[in-house]
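Here is the structure we will look at.
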Amino acid sequence: MRLGRFQVEIFSDGIFRLDGGAMFGVVPKVLWEKQKPADELNRVAMDMNCLLIRDAGRVVLVETGAGPKLSEKQKRNFGVDGPPRLLVELAARGVKPDEVTLVVNTHLHFDHAGGNTYRDGERLLATFPRASYVVQRREWEDALAPNERTRGSYVADDFAPLDAAGRLELVDEAVEILPGIRLDRIQGHTRGTQTVRVSDGKETLFFSSDFMPDRHHLPLPWIPSQDLYPLDTLAAKKVILPRAIAEQWLVAFTHDVPRFGHIREDAGRFVFDEVE
Ligand SMILES: [Zn+2]
């Protein structure tokens with residue numbers, strides 16, 4: 001899809017599954033399962049979306065999916081049932097790994113940063129050898145020092161090798177990382193989660209990160225219980241959703257079907273309309 005001078009595309013690295021109750025926080029199952037049916041283990045299936053942004057010679061990749069390093073047990077636990085699609089999807093769009101100039105991880109959970117690196121014998125190498133990998137400084141610090149609550153979501157092999165290889169770029173708060181591409185830290189899901197905005201002229205694309213994993217999280221109280229700061233998520237939704245409507249942002253989610261759409265308000269409810 002064109003967005004001003006940018007070419008933007010969204011695709012899925014594959015499906016994984018998390019407990020549906022955890023995905024919808026305080027919302028009772030009788031409500032969420034009408035939107036997203038659970039399997040026999042009470043899990044809901046979700047895509048792991050990656051965003052590709054091209055502008056002249058620049059190739060920016062947002063998120064790298066769960067990647068190729070999961071053990072059989074991890075795949076079972078997280079309901080990952082296929083091989084990672086990231087490199088196949090990039091190749092289908094004519095992008096080779098060494099052509100990616102920038103990788104943005106919205107945060108460092110394994111389902112967003114797993115494809116950052118791969119194993120070559122004993123070594124862990126950057127999947128995108130010429131790219132800078134951009135992460136919020138707070139996310140980096142928290143990922144390297146996880147606590148009992150957060151430990152299960154971070155895998156150091158996904159990000160620690162990037163620092164050693166000199167490929168890491170830490171940013172603070174709100175930055176325009178390339179002309180027209182903005183990152184904003186939004187505390188909520190984690191302290192250092194960042195959203196992505198791509199703008200040219202009046203056109204803006206907003207990539208939600210896990211601040212709002214999919215369209216079912218548009219209603220204000222639908223906030224995952226994984227969020228470490230759920231009331232901050234709530235406050236941010238109250239600011240961002242009206243702005244997304246007023247400025248007619250194109251919106252894409254991390255864990256929805258890979259697609260773009262617009263948000264509108266209908267009788268007090270936020271609604272997502274897909275665009276072709
Ligand atoms: Zn996620």
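All figures in this text were calculated on a predicted structure; none of them were measured in a lab. Whatever order the structure lists ligands and atoms in, that order sets their numbers, starting from 1.
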In residues 26-38, what donor-acceptor pairs under 3.5 Å come from side-chain atoms, sequence neighbours left out?
unit_1 : atom_1 : unit_2 : atom_2 : d
K29    : NZ     : N42    : OD1    : 2.7
K36    : NZ     : A45    : O      : 3.0

Between [X] and [Y], is there a side-chain N and carboxylate O pair less than 4.0 Å apart?
X: E9; Y: R54; value: yes
X: R85; Y: D13; value: no
X: R5; Y: D55; value: yes

Original post:
Excluding sequence neighbours, so at least two apart, what forms side chain to side chain contact (heavy atoms under 4.5 Å, CB included) with L220?
Top reply: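 Counting only residues at least two positions away or on another chain, L220 forms a side chain to side chain contact (heavy atoms under 4.5 Å, CB included) with L234, K237, K238, L241, F270.
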Could you list the donor-acceptor pairs under 3.5 angstrom formed between side-chain atoms of residues 95-110 and any protein atom two or more places apart in sequence or on another chain?
unit_1 : atom_1 : unit_2 : atom_2 : d
E99    : OE1    : K96    : N      : 2.8
T101   : OG1    : V59    : N      : 2.9
T101   : OG1    : V59    : O      : 2.8
N105   : OD1    : N116   : ND2    : 2.8
N105   : ND2    : H112   : O      : 3.3
N105   : ND2    : N116   : OD1    : 3.2
T106   : OG1    : E63    : OE1    : 3.4
T106   : OG1    : E63    : OE2    : 2.7
H107   : NE2    : H109   : ND1    : 3.3
H107   : NE2    : H189   : NE2    : 3.4
H107   : NE2    : D210   : OD2    : 3.3
H109   : ND1    : H189   : NE2    : 3.2

Original post:
Under 2.8 Å from the Zn ion (ligand 1), which protein N/O/S atoms are there?
Top reply: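 D111 OD2, H112 NE2, D210 OD2, H255 NE2, with waters left out.
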